[in-house]
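We're numbering straight along the sequence, starting at 1.
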Amino acid sequence: MRRSGAGGSGSGTARRNRKSSSSSGSARDRGARPRADGGMRVVVPLQGVVQGRGGLVIGSLIPCALFYFFQLYIKRNRAPRPLPPPPPAAAASESPPGSASTVVSPIHRSLSRGLLSPRAALPAPSARGAAVRDDDSLYYAGLRRCAEDPYHPASNPAGIIQLGLAENCLSLDLVVRWMEEHAAGAALMAGGEDEEERELSVRGLATYQPYDGILALKMALAGFMRQIMKEVSFDPSQMVITSGATPAMEILSFCLADPGNAFLVPSPYYPGWDRDIKWRTGIELIPVPCRSTDNFNISITALEIAYNQAKKRGIRVRGVLISNPNNPTGRFVPKQTLHDLLEFVTEKNIHLISDEVFAGSTYGSGKFASVAEVVDDLEDFDRGRVHIIYGLSKDLSLAGFRVGVIYSYNESIVTAAAKIARFSSVSTPTQRLLVAMLSDQKFISDYLKINSERLRKMYRLFVDALDQVGIECFKSSGGFYCWADMSKFIGSYSEKGERKLWDRLLEEAKVNVTPGSSCHCIEPGWFRCCFTTLREQDIPILVERLKKVTDSHKLNR
């Protein structure tokens with residue numbers, strides 16, 4: 001009996017253990033089984049409490065926390081079940097419920113369909129694309145604002161007067177007259193009545209030509225540049241022609257520096273360089289401040305300091321970039337300063353880039369000197385580190401023709417730039433037309449003389465107009481602009497105060513100018529004002545508009 005009882009007791013205990021184990025396993029299976037709605041039945045493991053081992057913390061809370069953590073992890077990382085595609089709309093509407101046509105199609109949605117779906121997320125732009133999109137320079141903001149509401153004396157007299165764009169409208173009539181008289185024959189180069197000659201002429205326009213410019217245009221440009229810069233000879237073989245001075249500057253930058261390298265740039269400087277050079281090349285521009293107390297002269301000492309600071313930061317300086325005449329001050333770079341710059345770049349074993357697109361648009365009493373003139377004066381000098389940017393947008397009022405020039409004394413740079421010019425070539429009809437225009441010596445001589453007289457006259461009218469409202473201007477000698485000191489009209493002597501004045505001029509006076517901060521000027525209150533977009537009859541209107549801001553400032557003081 002004891003054995004039977006013991007055996008029965010052991011058997012009962014075993015049965016209870018098996019039942020408990022089976023029940024526990026069944027519960028665990030039910031707890032782990034997914035529900036139809038994607039959730040989970042959670043069973044809390046309380047064995048530690050039931051069995052009395054480890055206490056409340058070790059036996060219950062820690063297992064609970066781990067259990068919930070793993071359930072949450074599994075739920076978040078489980079791949080979603082693919083949903084069956086819905087039936088076609090036409091079949092669903094035309095067939096009764098339960099018919100064969102309502103059966104879901106076994107065709108699965110392809111990857112290409114997913115890409116075409118309007119719900120597919122678009123790829124994010126590149127870092128460079130985001131930087132371009134987020135560009136918020138006041139220089140370009142003003143140009144956009146003016147383009148939306150441009151002033152016109154008849155059709156839009158309340159529009160914004162454009163003083164922020166360096167475009168010459170003073171001598172367009174001379175160009176238009178020449179085009180009306182010569183453009184048709186010049187474009188086709190119809191030199192005679194012979195059919196074969198005409199066919200060769202058309203073939204020369206319609207077929208591929210050298211990407212870096214045809215030789216005839218290079219020779220014509222060399223003669224034109226010599227006429228403008230005087231006493232300097234230019235070799236056509238050292239030229240690369242591009243679709244504007246902006247591509248010329250970018251292509252030259254590609255050839256001289258690598259991403260992360262830098263150019264030293266005396267400031268204030270042309271605000272467009274921040275786009276033209278930095279956007280695609282990855283090259284940095286390091287402003288080197290010039291001050292009004294020194295007439296905005298380039299300081300070799302300041303260049304030396306900036307070079308050493310860049311070197312300490314691990315930035316490799318590859319060149320010095322200047323504009324002559326300076327944009328935005330309109331000042332000529334003195335010949336002695338050009339000598340000093342050549343000594344500086346030679347000592348540092350770097351390059352000198354001189355942007356001379358306004359070389360023929362001069363009206364001051366001083367004499368313009370190209371860096372090419374200084375190079376010709378030197379005997380023991382490595383010319384391969386000197387490069388010039390030029391174009392016809394300014395001096396010949398042909399901005400829309402998009403013709404720029406890289407002139408380099410470095411054969412390797414010319415070869416590399418000529419290859420990159422494949423992506424920035426000028427159309428052959430445009431080149432042929434310009435060959436005819438630049439070869440017309442009477443037209444070129446008359447144009448340069450008349451254009452200089454008109455620039456001088458408008459500059460004086462414009463400076464006198466600004467003087468009427470209490471705005472003083474830096475003495476300019478070239479370019480389409482003057483450098484105006486409006487610091488007395490800013491509320492606080494800071495970039496913020498300058499920006500506020502710029503905004504008032506744009507919105508209240510309806511006048512767009514370029515603030516000095518966009519040119520990296522360290523002295524607040526200076527503005528670049530382009531006067532070649534005006535007519536003489538626009539001057540009184542400009543004065544009245546400016547008075548709205550200047551007079552209100554005087555009243556508020």
*Spell out, as yes or no, whether a donor-acceptor pair under 3.5 Å connects the side chain of Q431 to the backbone of I214.*
yes
Salt bridge between K394 and E167, side-chain N to carboxylate O under 4.0 Å? no
Here the side-chain hydrogen bond (donor to acceptor under 3.5 Å, both in side chains) pairs for residues 469-483, sequence neighbours left out, are none
Considering only distance and modelled atom types, tabulate donor-acceptor pairs under 3.5 Å from the side chains of residues 219-228, sequence neighbours left out.
residue, atom, partner, partner atom, Å
Q227, NE2, S445, OG, 3.4

| task | State whether E523 and R291 are salt-bridged, where the test is any N-O pair (Lys NZ or Arg NE/NH1/NH2 against Asp/Glu carboxylate O) under 4.0 Å. | result | no
Show the atom names and distances, to 0.1 Å, of all donor-acceptor pairs under 3.5 Å that link a side chain in residues 352-360 to residues at least two apart or in another chain.
residue, atom, partner, partner atom, Å
S354, OG, E356, OE2, 2.9
D355, OD1, V357, N, 3.3
E356, OE1, S370, OG, 2.8
E356, OE2, S370, OG, 3.3
E356, OE2, V371, N, 3.1

Requested in this report: Give a yes or no on whether a salt bridge exists between D212 and R422, defined as a side-chain N under 4.0 angstrom from a carboxylate O.
Outcome: no
### NZ/NE/NH1/NH2 to OD/OE distance under 4.0 Å, K335 and E373
yes
Review point. Going by atom types only, do Q162 and T533 share a side-chain donor-acceptor pair under 3.5 Å?
Key: no
**Asked** Would you call D235 and K218 a salt bridge, using N to O less than 4.0 angstrom?
**Response** no
Basic-acidic side-chain contact under 4.0 Å: K449, D446:
no
Original post:
Under the 6.0 Å and 45° cation-pi test, does R275 pair with Y140?
Top reply: yes
Checking S452 side chain against T362 main chain: does a donor-acceptor pair fall under 3.5 Å? yes
In terms of heavy-atom contacts, G272 and Y139 come closest through N-CE2, 4.4 Å
